[in-house]
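Structure first, commentary second.
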Amino acid sequence: MLDIQQLRKDLPTAVAGLARRSVVFDEAQFRALEDERKKRQIETEELQAKRNAASKQIGIMKAKSEDTTAVMAEVAGWGDIQKANEVALGELQEKLNLFLRQIPNIPHADVPAGKSELDNVEVRKWGTPKTFDFTVKDHVDIGEALGGIDFDTAAKLSGARFSVLRGGVARLHRALAQFMLNTHTLEHGYTEVYVPYMVNDHCIDGVTDLEKFRDDGFKIEGRDMYLIPTAEVPVTNFVRDQIVDIKDLPMKYACHSPCFRAEAGSYGKDTRGMIRQHQFDKVEIVQIVTPENSVAAHEELVRHAEAILQKLELPYRTMLLCTGDIGFSSAKTYDLEVWLPAQNTYREISSCSLFEAFQARRMMARFKNAQGKTEYLHTLNGSGLAVGRTLVAVLENYQNADGSVTIPTVLVPYMGGMTKLEVPK
RNA sequence: GGAGAGGUGGCAGAGUGGUCGAAUGCACCAGACUCGAAAUCUGGCGUACGGUUUUACCGUACCGUGAGUUCGAAUCUCACCCUCUCCGCCA
């Protein structure tokens with residue numbers, strides 16, 4: 001949510017900022033709502049003050065056993081007027097609130113202008129894609145040959161866009177999650193957390209727009225609860241409705257969880273394989289920081305995600321998303337794209353976003369600054385990494401001519417010393 | 001799922017219709033005393049929204065949430081949510 005005080009003070013800057021991401025801010029509607037709200041609010045509060053004074057007067061008079069009939073007669077009708085005022089004011093404020101909550105974040109100044117992912121800017125590239133002296137297979141063929149990926153059984157159980165993993169591939173999937181979690185907690189200073197996978201709607205609305213989420217999320221039948229689309233939701237909401245102590249900052253959390261997404265809009269894309277699933281695992285890293293530290297924290301966080309790819313020796317590039325491609329709540333986002341030999345291209349494996357105070361305002365997440373004043377926190381997060389897609393990348397980049405897959409060196413201890421997944425005879 | 005108890009400021013805890021945004025204690029901040037610290041004393045110490053003459057003053061709201069009764073609700077009524085204890089079920 002944008003800062004309404006800021007909008008009142010300097011609307012043109014906000015409008016121009018939103019225009020960069022092709023969002024048309026309805027100035028006329030905003031001004032009309034604001035004017036009406038101001039008028040109604042002053043009116044309502046003045047009458048309320050009058051009534052409060054009169055009621056207090058009655059109390060004092062009664063204490064002295066004076067006659068109060070005259071005052072009470074005067075006040076008699078005010079209650080109904082007041083109630084009507086309050087209802088009208090409440091409706092206006094609700095309208096204004098809804099209006100504001102549907103407006104996305106303003107892109108950070110250094111986010112490049114652009115319409116789609118085609119306009120994203122590559123900021124750095126790491127590693128060189130390996131050349132193969134045989135025809136490469138994609139992860140589906142590799143995994144099925146290993147007896148490790150089974151989409152047919154998954155379809156029988158749950159339908160399309162689910163997978164069943166078996167044996168060494170299933171263990172490799174687990175090894176990846178463990179490795180990521182250990183790296184972030186032992187080397188990058190994050191605290192491991194375990195969280196609920198079902199959350200209430202306040203949590204969703206705290207990090208993104210609940211209305212927009214309804215199409216993409218899974219709601220629990222008969223309850224006001226959703227399956228989490230990412231651990232960002234429960235973890236960021238740790239600080240909802242809180243004023244945290246500055247000495248507890250920065251907060252850095254790493255969380256391994258499954259993620260559930262309906263992705264209603266993306267049918268037809270990536271239908272083959274494990275790239276786009278209704279359920280996938282992810283190790284999420286979240287930071288909650290003071291405003292002056294957030295830009296530096298964002299750069300640091302991207303490097304933490306990159307470190308995983310480097311240790312796995314997977315070639316990748318870091319993309320700065322353009323104004324047309326950043327998410328609703330984000331002010332600035334880096335995507336990490338890993339090299340997939342079978343697709344002969346880089347594919348998204350992590351998204352690291354800086355939200356500034358956008359989520360904090362929605363969540364009422366604040367801290368007391370050095371001067372003792374309450375201020376909104378800044379929140380940021382990133383995938384460190386998406387486990388399913390990392391599994392895909394490992395299978396494809398480490399495949400051998402005979403169909404076997406070499407285990408990346410850093411994962412060998414997590415695989416109980418195993419160095420290769422072999423095709424069963 | 002059943003029965004009972006309860007939800008008040010950072011925490012503990014008083015307050016059962018009227019100068020209550022709320023006693024008191026703890027914690028915290030500033031000052032005094034001290035070489036320094038402790039102890040003691042003095043003062044301060046919620047949040048949101050709004051207005052204005054905009055580091056200040058004033059107003060409004062907030063005692064789990066929502067509705068109701070009343071001139072007036074933390075206090076009375078109803079519904080809901082949550083927590084705790086016991087029972088049942090259970091990895």
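Each chain gets a letter, A, B and so on, in the order its sequence line appears, and its residues count up from 1.
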Tabulate protein N/O versus nucleotide N/O from nucleotides 52-57 of chain B, keeping only pairs under 3.5 Å, one per line.
none

Heavy-atom closest contact (A/Gln399 atom, A/Val405 atom, distance):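 Scanning both residues completely, I find the closest heavy atoms to be CA-CG2, 4.3 Å.
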With rounding to whole Å, what would you report as the distance between [N] and [M] at their [atom1] atoms?
N	M	atom1	value
B/C33	B/A38	P	15 Å
B/U75	B/C58	C1'	28 Å
B/C89	B/G17	C1'	45 Å
B/U65	B/U70	P	23 Å
B/A48	B/G10	P	11 Å
B/U53	B/G13	P	47 Å
B/G18	B/G31	C1'	38 Å
B/A61	B/U19	P	14 Å

Basic-acidic side-chain contact under 4.0 Å: A/Asp141, A/Arg272: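 Salt bridge: yes.
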Ionic contact status for A/Asp209 with A/Arg362, cut-off 4.0 Å: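 Between A/Asp209 and A/Arg362 there is a salt bridge, with a charged N closer than 4.0 Å to a carboxylate O.
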With a 3.5 Å distance limit and no angle check, can you tell me whether [X] reaches the backbone of [Y] through a side-chain donor-acceptor pair?
X	Y	value
A/Ser350	A/Leu336	no
A/Arg366	A/Tyr376	no
A/Glu396	A/His139	yes

Sugar-phosphate, base or nothing in reach of A/Asp245, heavy atoms under 4.0 Å: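 Nothing, no nucleic acid heavy atom in range.
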Determine which pairs satisfy ring pair (Phe, Tyr, Trp, His ring centres under 6.0 Å) with at least one residue from [range], sequence neighbours left out, and list them in order.
range	result
residues 189-209 of chain A	A/His184-A/Tyr190, A/Tyr190-A/His304, A/Tyr194-A/Tyr197
residues 37-72 of chain A	none
residues 229-263 of chain A	A/Phe238-A/Tyr253

Tell me, which pairs form a salt bridge (Lys or Arg N to Asp or Glu O under 4.0 Å) where one or both residues lie in [range], sequence neighbours left out?
range	result
residues 411-425 of chain A	none
residues 284-294 of chain A	A/Lys282-A/Glu284
residues 178-190 of chain A	A/Glu187-A/Lys311

Tabulate protein N/O versus nucleotide N/O from nucleotides 70-72 of chain B, keeping only pairs under 3.5 Å, one per line.
residue: B/C71; atom: O2'; partner: A/Ser55; partner atom: OG; Å: 3.1
residue: B/G72; atom: OP1; partner: A/Arg51; partner atom: NH1; Å: 3.2
residue: B/G72; atom: O4'; partner: A/Ser55; partner atom: OG; Å: 3.1

Would you tabulate the nitrogen or oxygen pairs shorter than 3.5 Å linking the protein to nucleotides 10-12 of chain B?
none

Contact list for RNA chain B against residues 85-104 of chain A - heavy-atom distance below 4.0 Å: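 By residue number: none to list.
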Residue pair A/Arg214 / A/Tyr226, side-chain donor-acceptor N/O under 3.5 Å: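 Yes.
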Taking only distance into account, with no hydrogens and no angle test, what donor-acceptor pairs under 3.5 Å do side-chain atoms of residues 379-392 of chain A form with protein atoms, sequence neighbours excluded?
residue: A/Thr379; atom: OG1; partner: A/Gln359; partner atom: OE1; Å: 2.7
residue: A/Asn381; atom: ND2; partner: A/Glu232; partner atom: OE1; Å: 3.4
residue: A/Asn381; atom: ND2; partner: A/Glu232; partner atom: OE2; Å: 3.2
residue: A/Ser383; atom: OG; partner: A/Ser351; partner atom: N; Å: 3.0
residue: A/Arg389; atom: NE; partner: A/Ile275; partner atom: O; Å: 2.9
residue: A/Arg389; atom: NH1; partner: A/Glu348; partner atom: O; Å: 2.9
residue: A/Arg389; atom: NH2; partner: A/Ile275; partner atom: O; Å: 3.0
residue: A/Thr390; atom: OG1; partner: A/Ala386; partner atom: O; Å: 2.5

[atom1] of [X] versus [atom2] of [N]: gap in Å, rounded?
X	N	atom1	atom2	answer
A/Arg240	B/C82	CZ	P	14 Å
A/Glu46	B/U60	CD	C1'	11 Å
A/Arg37	B/A61	CZ	C1'	14 Å
A/Phe367	B/U47	CZ	P	14 Å
A/Gln6	B/C49	CD	P	14 Å
A/Asn200	B/C80	CG	P	20 Å
A/Asp241	B/U65	CG	P	11 Å
A/Met363	B/A48	CE	C1'	17 Å

Identified side-chain hydrogen bond (donor to acceptor under 3.5 Å, both in side chains) counterpart of A/Gln41 within the set A/Glu45, A/Glu43, A/Lys39: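 Result: among A/Glu45, A/Glu43, A/Lys39, A/Glu45 is the only option passing the side-chain hydrogen bond (donor to acceptor under 3.5 Å, both in side chains) with A/Gln41.
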Base-paired stems in RNA chain B, each at least three Watson-Crick or G-U pairs under 3.5 Å: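 Runs of three or more consecutive pairs: B:1-7 with B:81-87, B:10-12 with B:24-26, B:28-32 with B:40-44, B:46-52 with B:56-62, B:64-68 with B:76-80.
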Any A/Thr374 side-chain N or O less than 4.0 Å from OP1/OP2 of B/A48: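 For B/A48, OP1/OP2 do have a side-chain N/O of A/Thr374 under 4.0 Å.
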Side-chain N or O of A/Gln48 closer than 4.0 Å to phosphate OP1/OP2 of B/A61: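 It does, given that an N or O in the side chain of A/Gln48 lies less than 4.0 Å from OP1 or OP2 of B/A61.
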Crowding at CE, A/Met251 (>12 non-hydrogen neighbours, <6.0 Å):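 Check passes, neighbour count above 12.
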Minimum side-chain heavy-atom gap A/Thr333-A/Leu354 below 4.5 Å: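 No - every pair of side-chain heavy atoms lies 4.5 Å or more apart.
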Validation row, ring centre A/Phe328 to ring centre A/Phe358 under 6.0 Å: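 Under 6.0 Å, so yes.
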Position toward the 5' end of RNA chain B (nearest nucleotide), A/Gln5 or A/Arg366: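 Checking each residue's closest nucleotide, the 5'-ward one belongs to A/Arg366.
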Position toward the 5' end of RNA chain B (nearest nucleotide), A/Ile4 or A/Thr44: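 On the 5' side of the pair lies A/Ile4.
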